[in-house]
Amino acid sequence: MFEVLPGFRDFFPEDCLQRNFIFSHWKSWARRFDFLEYDIPTLEPLELFTRKSGEEIVSQLFHFVDQGGREVSLRPELTPSLARMVGSRINSLKRPVKWFNIAENFRYERQQKGRLRSHYQFNADIFGEPGPQADAEIISLVISVLRDFGFRPADIKLRLSDRTLWSIFLESFGFEQERALEVLAVIDKMERMSREDLLEKLKPYFNEAGEDFLASVELLRSQRDLAGLRRAMESLAPTAGLKARVRERLGNWEQLLSTLESQGVGDYLQLDLGIVRGLAYYTGFVFEVFQINDKGQPEGRALAGGGRYDHLVGLLGYPDVPAVGFGMGDVVLGDALQEKGLMPPLIDAPDIFCVTGGEAERLLAMEDAMALRQNGFRVSYPLKGTGFGKQFKLAGQSGSRVALVYGSEEREKGTVKVRDLQSGGEREIPRSHLLKHLPDIIAEGIPTESGD
RNA sequence: GUGGCUGUAGCUCAGUUGGUUAGAGCACUGGAUUGUGGUUCCAGGGGUCGCCGGUUCAAGUCCGGUUAGCCACCCCA
C-alpha cells in the first residue's frame, strides 16, 4: 500500500471544498484591492534561493539534480521568483505594481502542527512605492481577508513593528550593518529566552554593558502606543541627527496608522516592537498576525507575516526597487478557522436530480439533462437503473434542490414533474418549458398544496 | 537534525493478569421498497492489530529495533 509522503496531504472532495473556501476568499479580497494575479514555476534553479538566503537553506529545500545536470529545487517561497519577474521588467511596468499569487510551496523539514512540507500560500506585494501608504495597503488587505473569515479584534492581532526604528536604536549603540543584524537576531529571540541566556548571547557585543542595553530594549518592546514609542525613542537617541531621524520615521508611523484607522481596521492593530522577523532582508515596517488568548497574549504560529524589503530585488542583481508584501499560509489559517468554528458547513450539491422510470423515459431525461447542462445547471442522475423509491432517496441524499420525475405518465403527456426536495411541493410542466421555468423554481421553490 | 508521547476497520474507540476464529458505533454496499425521500429494520463487505525481529506452549497485549503521527527544541516561508 502507498501513503502520502510525510508532510504532504491528499485532498479528498470535502477537503478541496474547504481549500476552495479559503482560496476564494483570498482571491476575492486581492481583487477588491486591485491586485493582479501572476504565477511562477514550481521548479527553480537552486541558486535562486541560496543567493537570497545563503547556503544553509539548502538542507531545508526539496532539491535535486535533474537529468540535464542542473541543480534545481522546488520553490520554498515565491519572493525570489517574483523579484526576478518584477526586476526583469521593472522599467516597463506601470507603478505601483500590485500583484498577488496563490501557490503551493515546499520545504524539506520535519513537520509539526501548522507546518508541513507542502502548503499553499497567499502572497501579495507592492513594488515601486516607498511611502507608508503602500505598507498600509498591504496591512489593510491582510486584516480585511482575516476579518471576512470571521476573526474579530478579540481573536487576532496584527503586531506591527519597524526595522527602521530598530536600526536607529542599534545605531545609537554603535551597531550598523552586519553587527546590527546579529544583535537584532538576539532581540528576535527575547520572547523565548531567559534573561541569563540573553546576557550571555549579548556578551560579545557589550561586555558588561548588556544589562543597560537590555533595559533599553525592554523599554521599546513594552510600548503599545505611538505616544509612548515617541517618548521612548527620543529618550534613547543621543544625538541631534538620530533624534531628527526618529522624528521623521514617527511621521511615517502617523501616516500609516491614520490610514489604517480611517479604513476601519485599527482595532486589529497592536504596536509591538517585539516583532522583528528573522529574515535579514526586511527594511521597514514588519508585522505578524497571531491569534490571541483570553489574556490578550499571542498564541501559536503566525497566521500571516510580512513587511517592507526595499533592497531584495537589488540583491538579486536587478535595479533596486522598493517593495512591501506579505504571505499567509493555508495550514495555520485552516487550523485557526477550525478551532474558532469559523469554517462554515460547505455543501456541494447538484441543482437538479433526474428520477426516471423505464428506458424510454431515461433517454428523454438524458436529452433534457444535456440541454440543462449546456445552460449552466448542475445535473445528476443514477448511473444504473433502480426503483423510484430508491431514486428519490438518492435525490434527497444528493442535496439537490429539485428532482425532475420522468415516468410513463409524464412521457405520454410530454411533461415532466418537478419536485421541490425541500418543501415536497410538486409541479408538472411541459418538457419544452423546462429551461424557461427552472431558474425561478430553483430560486423560489414550490409551495406544498396546503400552501405551507 | 535532537528529545518525549502515541500507532487496533475510512472515522471515533473497546479489547481483562499474555489464552480459541479481534469487536462496537458512525460511514459504505445490498435488501425490506417497481411512482415519492434524509427516518426505521435486516444483511453484507471492509483488519498483515504500522512494520521487522525477540521472549513464550501461546503476543493486539511483554521486550528491542524501525517507520509514521503528535508535541517540544533547532530553524524559519
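Computation of the quantities below employed the complete heavy-atom set of this structure, encompassing side-chain atoms and omitting hydrogens, waters and symmetry-equivalent molecules. To find a chain, count down the sequence lines: A is the first, B the second, and so on, and within it residues start at 1.
Comparing B:C42 with B:C49, their C1' atoms sit 29 Å apart, to the nearest whole Å. The gap from the P atom of B:G30 to that of B:U17 amounts to 43 Å, rounded to the nearest Å. The same atom, P, is picked in B:G45 and in B:U29; the two are 16 Å apart, to the nearest Å. Here, B:A24 and B:G46 have their C1' atoms 15 Å apart, quoted to the whole Å. A gap of 12 Å separates the P atoms of B:C63 and B:G7, to the nearest Å. B:C74 and B:G4: their C1' atoms are spaced 16 Å apart (whole Å). A distance of about 39 Å separates the P atoms of B:A43 and B:G53, rounded to the whole Å. Look at the P atom in both B:A22 and B:U12: the space between them is 23 Å, to the nearest Å.
The aromatic rings of A:Phe23 and A:Trp26 lie parallel to each other, with less than 30° between the two planes, well short of the 60° mark. Taking the six-membered ring for Trp and thresholds of 30 and 60 degrees, A:His25 and A:Phe149 have nearly parallel ring planes, at less than 30 degrees apart.
Listed nucleotides B:C70, B:U36, B:C73 differ in distance to A:Lys113; the shortest reach to its side chain belongs to B:C70.
The interatomic distance linking A:Arg117 (CZ) with B:C70 (P) rounds to 11 Å, in whole Å. A:Asn105 places its CG atom 18 Å from the P atom of B:C76, with the value rounded to the nearest Å. Note: CZ (A:Phe106) to C1' (B:C76) measures 18 Å, nearest angstrom. One atom, CD of A:Gln112, and another, C1' of B:C75, lie 10 Å apart when rounded to the nearest Å. With rounding to whole Å, A:Ile352 atom CD1 is found 18 Å from B:G37 atom C1'. The CG atom of A:Leu116 sits 21 Å away from the P atom of B:C75 (whole-angstrom rounding). One atom, CD of A:Glu428, and another, C1' of B:G35, lie 12 Å apart when rounded to the nearest Å. For A:Phe353 and B:G38, the CZ to C1' distance is 13 Å, given to the nearest whole Å.
Proximity of residues 6-27 of chain A to RNA chain B (heavy atom under 4.0 angstrom from any strand atom) is restricted to A:Pro6, A:Gly7. Within a heavy-atom distance below 4.0 Å of RNA chain B, the residues of residues 405-421 of chain A found are A:Val405, A:Gly407, A:Ser408, A:Glu409, A:Glu410, A:Lys417, A:Arg419, A:Asp420, A:Leu421. Residues from residues 317-335 of chain A lying near RNA chain B, meaning a heavy-atom separation below 4.0 Å, are absent.
Within the 4.0 Å cut-off from OP1 or OP2 of B:G69, at least one side-chain nitrogen or oxygen of A:Gln111 is found. Between A:Lys384 and B:G30, a side-chain N or O to OP1/OP2 separation shorter than 4.0 Å is present. Applying the 4.0 Å criterion to OP1 and OP2 of B:G38, one finds that A:Lys393 has a side-chain N or O inside that range.
Under 3.5 Å, the side chain of A:Gln391 and the base of B:U36 form no donor-acceptor pair of N or O atoms.
Pairing analysis of RNA chain B (Watson-Crick: purine N1 to pyrimidine N3 plus N6-O4 or O6-N4; G-U wobble: N1-O2 and O6-N3; both under 3.5 Å) yields stems of 3 or more pairs at B:1-7 with B:67-73, B:10-13 with B:23-26, B:28-32 with B:40-44, B:50-54 with B:62-66.
For the side chain to side chain donor-acceptor pair (under 3.5 Å) condition, the pairs that include at least one residue of residues 380-398 of chain A, sequence neighbours left out, are A:Arg373-A:Tyr381. Applying the side chain to side chain donor-acceptor pair (under 3.5 Å) test to residues at least two apart or on different chains, none of the pairs has a partner in residues 436-445 of chain A.
Remark: A:Arg32 is positioned above the aromatic ring of A:Trp29, its terminal NZ or CZ atom under 6.0 angstrom from the ring centre and at most 45 degrees off the axis.
Legend: residues meeting side-chain contact (heavy atoms from CB on, under 4.5 Å) with A:Leu214, ordered by chain and number and at least two apart, are A:Met190, A:Arg195, A:Leu198, A:Leu199, A:Leu202. For A:Arg89, there are no salt bridge (charged side-chain N to carboxylate O under 4.0 Å, His left out) partners at least two apart in sequence or on another chain. Scanning for salt bridge (charged side-chain N to carboxylate O under 4.0 Å, His left out) contacts around A:Arg152 gives A:Asp155, with sequence neighbours left out. In this structure A:Glu176 satisfies the salt bridge (charged side-chain N to carboxylate O under 4.0 Å, His left out) test with no other residue, sequence neighbours excluded. Under the salt bridge (charged side-chain N to carboxylate O under 4.0 Å, His left out) criterion, A:Glu137 pairs with A:Lys98, not counting sequence neighbours.
Using a 4.0 Å heavy-atom distance criterion, A:Gly424 is classed as a base contact. A:Gln60 comes within contact range of the sugar-phosphate backbone alone, with a heavy-atom separation under 4.0 Å but no base atom that close.
Of the N and O atoms on the side chains of A:Thr259 and A:Gln133, not one donor lies less than 3.5 Å from an acceptor on the other residue. Between the side chains of A:Arg19 and A:Tyr120, a donor-acceptor pair is found at a separation under 3.5 Å. A donor atom on one side chain and an acceptor atom on the other are not found under 3.5 Å apart for A:Gln111 and A:Arg117.
Taking 4.0 Å as the cut-off between side-chain N and carboxylate O, A:Arg378 and A:Asp348 count as a salt-bridged pair. The pair A:Lys417-A:Glu409 does not count as a salt bridge, with every side-chain nitrogen at least 4.0 angstrom from each carboxylate oxygen. A:Glu44 has no carboxylate O lying under 4.0 Å from a charged side-chain N of A:Arg75, or vice versa, which leaves the two without a salt bridge.
The heavy-atom pair separating A:Val402 from A:Asp420 by the smallest distance is CG1-CA, 4.4 Å.
Where A:Gln397 and A:Thr386 meet RNA chain B, the nucleotide closest to each residue was compared, and A:Thr386 sits on the side nearer the 5' end. Across the interface with RNA chain B, nearest-nucleotide mapping of A:Lys189 and A:Leu5 shows A:Leu5 to be the residue nearer the 5′ end.
Between A:Phe326 and A:Val289 there is no side-chain heavy-atom pair separated by less than 4.5 Å.
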Check nucleotides 3-11 of chain B against the protein and report each pair of N or O atoms closer than 3.5 Å, with its distance, or say if there are none.
| from | atom 1 | to | atom 2 | distance (Å) |
| --- | --- | --- | --- | --- |
| B:G3 | O6 | A:Arg110 | NH2 | 3.4 |

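Going from atom NE2 of A:His63 over to atom CG of A:Leu74 covers 10.5 Å, rounded to the nearest 0.5 Å.
Ring stacking holds between A:Phe388 and B:G35, with the centres under 5.5 Å apart and the planes within 30 degrees of each other.
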